[in-house]
S.K.: 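Below you'll find the structure I mean.
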Amino acid sequence: MTILHGFSLILTCSTEGRALMSMDLAAYSAGISSESVMERILRRREMKDLRENEESRACVSQMLVASPGDFVMDVQRAGMQHVDAYIKAFYFGEEDLMSW
């Protein structure tokens with residue numbers, strides 16, 4: 001919700017600025033996806049052999065699917081959708097927004 005708070009502080013913004021906000025949100029969402037986080041963890045721990053070994057890779061994938069962090073990812077995904085809706089709302093006129 002920090003992103004939403006930051007975006008809400010901007011009172012006027014051009015269409016191009018809103019498009020850049022959408023791009024920022026997409027880049028942030030991609031950066032916190034479970035796959036990209038796992039890749040960064042593997043890189044930092046220098047576990048190249050784990051990444052190359054298919055059996056270990058399957059084990060890591062199962063941990064991602066069954067991890068308690070899935071709930072956190074669902075909450076983050078819902079938050080991202082909320083921020084995305086906030087950004088898109090500014091593309092509508094006031095009357096259209098109220099009917100949306």
Side-chain angles (χ1 to χ4, degrees):
M1 289 300 177
T2 302
I3 294 174
L4 179 61
H5 176 71
F7 286 166
S8 71
L9 296 176
I10 300 168
L11 301 178
T12 59
C13 189
S14 66
T15 302
E16 294 83 6
R18 294 288 169 197
L20 289 172
M21 287 179 181
S22 292
M23 291 172 59
D24 288 342
L25 182 64
Y28 178 74
S29 295
I32 65 167
S33 71
S34 57
E35 293 85 13
S36 67
V37 171
M38 183 55 80
E39 287 297 320
R40 286 190 299 250
I41 290 170
L42 292 174
R43 234 185 351 254
R44 286 186 183 143
R45 291 184 181 174
E46 298 178 351
M47 295 183 142
K48 293 179 183 178
D49 58 332
L50 179 63
R51 288 172 49 197
E52 293 169 1
N53 185 338
E54 288 299 319
E55 185 176 317
S56 296
R57 185 74 162 167
C59 180
V60 169
S61 296
Q62 288 175 357
M63 288 188 317
L64 284 174
V65 170
S67 71
D70 287 345
F71 174 74
V72 173
M73 294 304 290
D74 288 341
V75 170
Q76 289 175 343
R77 192 173 301 114
M80 294 301 160
Q81 290 172 345
H82 188 73
V83 175
D84 189 50
Y86 179 84
I87 294 169
K88 288 179 180 174
F90 282 90
Y91 287 110
F92 293 103
E94 188 174 339
E95 290 178 18
D96 294 331
L97 182 61
M98 292 304 193
S99 64
W100 181 46

S.K.: Of all heavy-atom pairs between I87 and R18, which one has the smallest distance, and what is that distance?
M.R.: CG2-O, 3.6 Å
S.K.: More than 12 non-hydrogen atoms from neighbouring residues, nucleotides or ligands closer than 6.0 Å to OH on Y91, yes or no?
M.R.: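 Buried by this count: over 12 neighbours within 6.0 Å.
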S.K.: Can you tell me how far CG of D84 sits from CE of M21, rounded to the nearest 0.5 angstrom?
M.R.: 12.5 Å
S.K.: Please round to the nearest 0.5 Å and tell me the distance separating atom OG of S29 and atom CD1 of I3.
M.R.: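 The CD1 atom of I3 is 7.0 Å from OG of S29, to the nearest 0.5 Å.
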S.K.: Please enumerate all residues that pass side chain to side chain contact (heavy atoms under 4.5 Å, CB included) together with L20, with sequence neighbours excluded.
M.R.: M23
S.K.: Distance from H5 atom NE2 to Y86 atom OH, nearest 0.5 Å?
M.R.: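 So the gap between those two atoms works out to 10.5 Å.
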S.K.: What I'd like to find out is whether the side chain of C13 reaches to under 4.5 Å of the side chain of F90, using heavy atoms alone.
M.R.: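 No - every pair of side-chain heavy atoms lies 4.5 Å or more apart.
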S.K.: Considering only heavy atoms from C-beta outward, does the side chain of M80 approach that of Y28 to under 4.5 Å?
M.R.: yes
